[in-house]
Structures are given as C-alpha cells and as structure tokens.
Colleague: 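I have a structure here, written as structure tokens, and I will follow up with some questions on it.
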Amino acid sequence: MFKGIAEGMIQANGKRWIHWGFLLVVVGYSLTLTIHFMLVILNQPYVGVYTLKDGNKVTVSQVAPYSWGESARIQPGDTMLSIDGQPAFENRNVRIFNMVGLAHKLTLDRDGTVRSLVVDNNSSQWALLFYLVLPLGFFVYLFC
C-alpha cells in the first residue's frame, strides 16, 4: 500500500519538475529575446520611412510617427538617393516592403538640396521611448 503511494508521489514530483523546467526555459528564452531586441534598437533605431518606387526613383510616401525619420524631419515627397552607401532602389527592404526600417546612413534630395543623414539615437528620444521603453515596461508588467 505504501509502495503505491510513494510511487504516485514520485511521479507527481517528477511532473512538477518538468513543468517548472519548461517554465524556466520559456522565461529564459523570452528574456534572451528581449535583451537581443533591446540591443538592436539601441544600436540601430527604427527609421520608419515608407517609400514608393518608380523605376530607379524612390520617393518617401509616409513617415511613421515617433520614428527616427520623423525626428530627422524626413517628409513625404523627399527622394531617397542612397541607403548605407548603396542606391536606394537596390535596398532589399525598399524593393520588397517599400520601406526603410533599419539603416546607418541615408542620402535624401529635397527640392534640389541633397542631405546626408546619420541614423543614431541622439535625434530620436521619442522613438527610443516609444519603441524600447514602453514595450520593455509592458514585458516587465506581464512577467510580474
């Protein structure tokens, strides 16, 4: 009789360990992904520029609110000349998704004036808050 009870307790404890182990793996994986995406956002902010392509000409159609592009005063109608030193029409995200999400350097033409912009977090404090701090706060809230 006691042998059957002991075996049942061992099986129940084994299942608990499996559940706790699974929970630990899921939390560890979530934390790893969170740290990875935080580092990506800190190193390379979200540009948030949507484009229209007409042959080899790439024109800004929209700029995402709270993005680096809005902080840098990129406007619809600006012509994208290059992204990270390559012609804008050759950029993979422009070709496939009609947008610039991540970049290090942009060259734009507005009414004949060419501007070179370096993408960094110094000019996009609102973007940093909107795309990093708020999601991190939401994750911590759900975790707790």
Side-chain angles (χ1 to χ4, degrees), residues 2 4-54 56-111 113-144:
F2 290 112
I5 294 173
E7 287 176 0
M9 289 176 62
I10 291 171
Q11 286 179 349
N13 283 336
K15 287 182 181 179
R16 265 192 225 127
W17 280 106
I18 290 172
H19 288 217
W20 280 107
F22 179 73
L23 181 64
L24 185 63
V25 167
V26 168
V27 169
Y29 185 68
S30 298
L31 190 59
T32 302
L33 282 176
T34 300
I35 291 170
H36 167 73
F37 288 123
M38 284 174 48
L39 292 174
V40 167
I41 290 169
L42 288 172
N43 290 330
Q44 207 170 3
Y46 175 60
V47 177
V49 173
Y50 298 91
T51 62
L52 293 172
K53 253 182 26 169
D54 183 21
N56 290 345
K57 184 178 180 183
V58 178
T59 306
V60 175
S61 64
Q62 183 181 356
V63 180
Y66 305 110
S67 66
W68 179 88
E70 183 183 63
S71 298
R73 295 182 182 88
I74 296 175
Q75 299 174 356
D78 289 352
T79 302
M80 303 282 291
L81 301 176
S82 69
I83 301 168
D84 293 334
Q86 299 294 323
F89 63 88
E90 290 181 2
N91 183 277
R92 179 180 175 271
N93 286 331
V94 169
R95 278 189 327 223
I96 297 172
F97 303 111
N98 289 326
M99 70 171 295
V100 180
L102 299 175
H104 293 288
K105 185 178 177 185
L106 302 174
T107 306
L108 302 167
D109 178 12
R110 181 183 299 157
D111 300 327
T113 304
V114 176
R115 296 178 15 187
S116 290
L117 304 170
V118 176
V119 180
D120 61 3
N121 275 320
N122 295 333
S123 64
S124 60
Q125 298 304 316
W126 280 109
L128 193 61
L129 173 75
F130 191 75
Y131 293 106
L132 179 67
V133 175
L134 292 178
L136 180 62
F138 182 69
F139 175 80
V140 169
Y141 173 76
L142 290 179
F143 182 74
C144 293

Colleague: Do L106 and M80 make a side-chain contact, defined as non-hydrogen atoms from C-beta onward lying under 4.5 Å apart?
Modeller: yes
Colleague: Please identify each residue that fulfils side-chain contact (heavy atoms from CB on, under 4.5 Å) with S116, with sequence neighbours left out.
Modeller: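 In terms of side-chain contact (heavy atoms from CB on, under 4.5 Å), with neighbours along the sequence ignored, S116 is linked to K105, T107.
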Colleague: Please name all residues satisfying side-chain contact (heavy atoms from CB on, under 4.5 Å) with L33, sequence neighbours left out, ordered by chain then number.
Modeller: Y29, F37
Colleague: Would you compute the distance between atom NZ of K57 and atom CZ of F89 and round it to the nearest 0.5 angstrom?
Modeller: 14.0 Å
Colleague: Using side-chain heavy atoms (C-beta onward) and a distance below 4.5 Å, is I74 in contact with L117?
Modeller: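 Side-chain contact under 4.5 Å: yes.
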Colleague: Please check: side-chain N/O of S67 versus main-chain N/O of V47, any donor-acceptor pairing under 3.5 Å?
Modeller: yes
Colleague: Evaluate side chain to side chain contact (heavy atoms under 4.5 Å, CB included) for L81 paired with V114, printing each intermediate quantity in order.
Modeller: CA-CA 9 Å; L81 301 176; V114 176; 4.0 Å; yes
Colleague: Find out whether V100 and I83 are in side-chain contact, i.e. whether some heavy atom of one side chain is under 4.5 Å from a heavy atom of the other.
Modeller: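 The answer is yes, as the side chains (C-beta and beyond) meet within the 4.5 Å cut-off.
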Colleague: Mind checking the CD1-OG spacing from I35 to S30? Nearest 0.5 Å is all I need.
Modeller: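 These two atoms lie 11.0 Å from each other.
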Colleague: What pairs with L24 under side-chain contact (heavy atoms from CB on, under 4.5 Å), at least two apart in sequence or on another chain?
Modeller: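 Partners of L24 by the side-chain contact (heavy atoms from CB on, under 4.5 Å) criterion come out as none, since no residue qualifies.
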Colleague: Among pairs that include at least one residue of residues 62-79, which meet salt bridge (charged side-chain N to carboxylate O under 4.0 Å, His left out), considering only residues two or more places apart or in two chains?
Modeller: D78-R110
Colleague: Does anything in residues 89-103 form a side-chain hydrogen bond (donor to acceptor under 3.5 Å, both in side chains)? List the pairs, not counting sequence neighbours.
Modeller: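 Output for this query is empty, none listed.
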Colleague: With sequence neighbours left out, what residues match Y50 under side-chain contact (heavy atoms from CB on, under 4.5 Å)?
Modeller: Y46, S61, Q62, A64, M99
Colleague: Is W68 reaching over with its side chain to a backbone N or O of V119, donor-acceptor style, under 3.5 angstrom?
Modeller: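 Such a contact is absent between W68 side chain and V119 backbone.
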